[in-house]
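In what follows, every chain begins at residue 1, and chains take the letters A, B, ... in the order their sequences are listed. Worth knowing before you read on, the calculation uses all heavy atoms, side chains too, and leaves out hydrogens, waters and symmetry mates. Every value quoted in this text rests on a predicted model; they were computed, and no experiment measured them.
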Amino acid sequence: MPELPEVETTVRGLTPVLHGQRLTLVEPRRADLRKAIPVDLRQRMQGAVVTGLGRRAKYGMIDTDRGDTMIFHLGMSGRWRVDPADLLAHDHLLIETAAGRRLALNDPRRFGFLDLLPTADLPAYPAFAAMGPEPLGDDLTAAGLMRALEGRSAPIKAMLLDQRIVAGLGNIYVCEALHMAGIAPSRAAGQISSTRLARLVEAIRAVLMAAIDAGGSTLRDFAAPDGELGYFSKQFLVYGREDEACACGGPVHRQTQAGRSTFWCPRCQRT
DNA sequence: CCGACAACCTGACGGC
DNA sequence: TGCCGTCAGGTTGTCG
């Protein structure tokens with residue numbers, strides 16, 4: 001379930017395997033994920049040395065000493081397998097390092113993709129160019145969020161899923177953050193007070209950081225042979241808990257907004 | 001500008 | 001046991 005925390009955990013897990021390493025094998029196993037894998041990916045990545053790894057929203061980035069950055073997006077079902085004993089179905093990219101480590105990018109649904117471009121061109125990358133502030137760090141502020149939502153009548157739930165408003169939130173953490181902030185998901189985004197937006201910003205940070213912390217504890221598994229990576233097993237307060245008891249005692253509701261399930265507690269979350 | 005919806009693709013799960 | 005419908009973390013595009 002790769003939203004921002006899972007991608008962050010993934011990048012942190014990949015870093016000790018890849019950073020400073022020469023890639024002795026970079027082998028696409030099929031040409032088509034959601035987008036076509038760049039035809040020159042192998043040629044440009046194989047033999048290069050990884051000089052850094054990073055994350056923007058839900059995108060992972062691997063920089064090389066050739067001035068390239070490989071971008072990976074995990075879609076709905078993507079994950080990196082570390083030192084796999086055998087190849088599985090849906091292992092779409094293989095990487096081997098000079099130190100003898102192996103990685104396999106596995107993505108059954110193929111909603112994810114790989115891309116490759118000069119590092120200098122990253123700011124102009126279409127997915128990044130219009131992207132909103134990162135929720136961790138100082139870029140996301142209540143004042144900035146208020147400006148972005150000003151005059152918008154769409155439900156706050158839909159606005160928070162829009163990567164141009166805040167980068168990296170997905171269905172799970174939007175539900176969780178709105179619950180933590182006590183805001184009903186159907187509330188018109190432009191009509192939320194600055195006080196409550198400030199609470200929302202803090203809730204977004206808190207829920208993402210808690211998820212990253214919990215994911216970090218699975219990094220032990222990451223290092224194990226065939227380890228799973230980046231799957232966050234936190235107990236959500238509302239997501240996936242329709243009809244269960246909220247902490248307040250009331251039942252968690254589920255409704256569909258913009259084609260996606262919203263979980264929320266009408267007692268805790270005001271309109 | 002907005003919401004609803006479909007599309008992409010596979011796997012897991014519940015009901016019968 | 002097996003078949004069928006439903007649903008799932010994301011993104012992108014169309015239509016009204």
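- For the P atoms, the distance from C:dC7 to B:dC5 is 13 Å, rounded to whole Å.
- None of A:Val207, A:Leu4, A:Leu161 except one satisfies the side chain to side chain contact (heavy atoms under 4.5 Å, CB included) rule with A:Tyr173; the exception is A:Val207.
- How far CG of A:Leu103 is from CG of A:Leu18: 5.0 Å, rounded to the nearest 0.5 Å.
- Here CD1 of A:Ile62 is found 6.0 Å from CE of A:Met45. Values are rounded to the nearest 0.5 Å.
- The aromatic rings of A:Phe113 and A:His73 sit parallel, their planes meeting at an angle under 30°, below the 60° perpendicular limit.
- Residues A:Met159 and A:Gly259 both approach DNA chain B. Their nearest nucleotides, taken by heavy-atom distance, put A:Met159 toward the 5′ side.
- With hydrogens and angles ignored, the 3.5 Å screen pairs a side-chain donor or acceptor of A:Arg34 with a backbone N or O of A:Phe111.
- Using a 4.0 Å heavy-atom cutoff across all strands shown, A:Gln257 reaches no nucleic acid atom at all.
- A:Gly170 comes within contact range of the sugar-phosphate backbone alone, with a heavy-atom separation under 4.0 Å but no base atom that close.
- Taking atom NE2 of A:His92 as the reference point, atom P of B:dT10 lies 9 Å away to the nearest angstrom.
- Counting to the nearest Å, the C1' atom of B:dG3 and the CG atom of A:Leu161 are 13 Å from each other.
- For A:His179, the ring pair (Phe, Tyr, Trp, His ring centres under 6.0 Å) criterion is met by no residue, not counting sequence neighbours.
- Backbone-only contact: A:Tyr239 has heavy atoms under 4.0 Å from sugar-phosphate atoms and none from a base.
- At whole-Å resolution of the value, CG in A:Leu74 and P in C:dG10 are 12 Å apart.
- Considering CZ of A:Arg199 and CD1 of A:Ile192, their distance stands at 10.5 Å, rounded to 0.5 Å.
- Between B:dC5 and A:Arg260, no contact under 4.0 Å exists linking OP1 or OP2 to a side-chain N or O.
- Atom-to-atom, CD of A:Glu150 to P of B:dC1 comes out at 14 Å; the value is rounded to the nearest Å.
- Phosphate proximity of C:dG10 to A:His73: absent, as no side-chain N or O sits under 4.0 Å from OP1 or OP2.
- Applying the side chain to side chain donor-acceptor pair (under 3.5 Å) test to residues at least two apart or on different chains, the pairs with a partner in residues 103-119 of chain A are A:Asp32-A:Arg110, A:Lys35-A:Asp115, A:Thr69-A:Thr119, A:Ser77-A:Asp107, A:Asp91-A:Asn106, A:Asp115-A:Tyr125.
- Judged by distance alone, the side chain of A:Gln163 and the main-chain N or O of A:Gly168 form a donor-acceptor pair under 3.5 Å.
- Note: CZ (A:Phe236) to P (C:dA8) measures 14 Å, nearest angstrom.
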Legend entry - Base-pairing string, 5' to 3', of DNA chain C - Watson-Crick or wobble, under 3.5 Å, | interstrand: .|||||||.|||||||
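- To the nearest 0.5 Å, atoms CZ (A:Arg205) and CE (A:Met180) are separated by 13.0 Å.
- Between A:Arg164 atom CZ and C:dG10 atom C1' the separation is 15 Å, expressed in whole Å.
- Atom CE of A:Met61 sits about 8.5 Å away from atom CZ of A:Arg55, to the nearest 0.5 Å.
- Rounded to a whole Å, the CE atom of A:Met76 is 14 Å from the P atom of B:dC9.
- Not a single donor-acceptor pair under 3.5 Å links the side chain of A:Glu134 to the backbone N or O of A:Arg56.
- Within residues 30-41 of chain A, the residues approached by DNA chain C to less than 4.0 Å at the level of any non-hydrogen atom are A:Arg34, in residue-number order.
- Near-neighbour residues of DNA chain B inside residues 104-111 of chain A, defined by a heavy atom below 4.0 Å, number-ordered: A:Pro108, A:Arg109, A:Arg110, A:Phe111.
- At whole-Å resolution of the value, CZ in A:Arg241 and P in C:dA8 are 17 Å apart.
- You'll find the ring centres of A:Tyr59 and A:Phe128 inside the 6.0 Å limit.
- Within the structure, a side-chain polar atom (N or O) of A:His90 is placed less than 4.0 Å from OP1 or OP2 of B:dG11.
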Dump the pairs, protein N or O against N or O of nucleotides 4-7 of chain C, anything under 3.5 Å, distances to one decimal.
residue, atom, partner, partner atom, Å
C:dC7, O3', A:Arg254, NH2, 3.4

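- Considering only heavy atoms from C-beta on, A:Leu149 comes within 4.5 Å of A:Ile156 through its side chain.
- Distances were taken from every side-chain heavy atom of A:Ala154 (C-beta onward) to each of B:dG3, C:dT11, B:dT10; the shortest belongs to B:dG3.
- Considering only heavy atoms from C-beta on, A:Thr262 stays 4.5 Å or farther from A:Val174 through its side chain.
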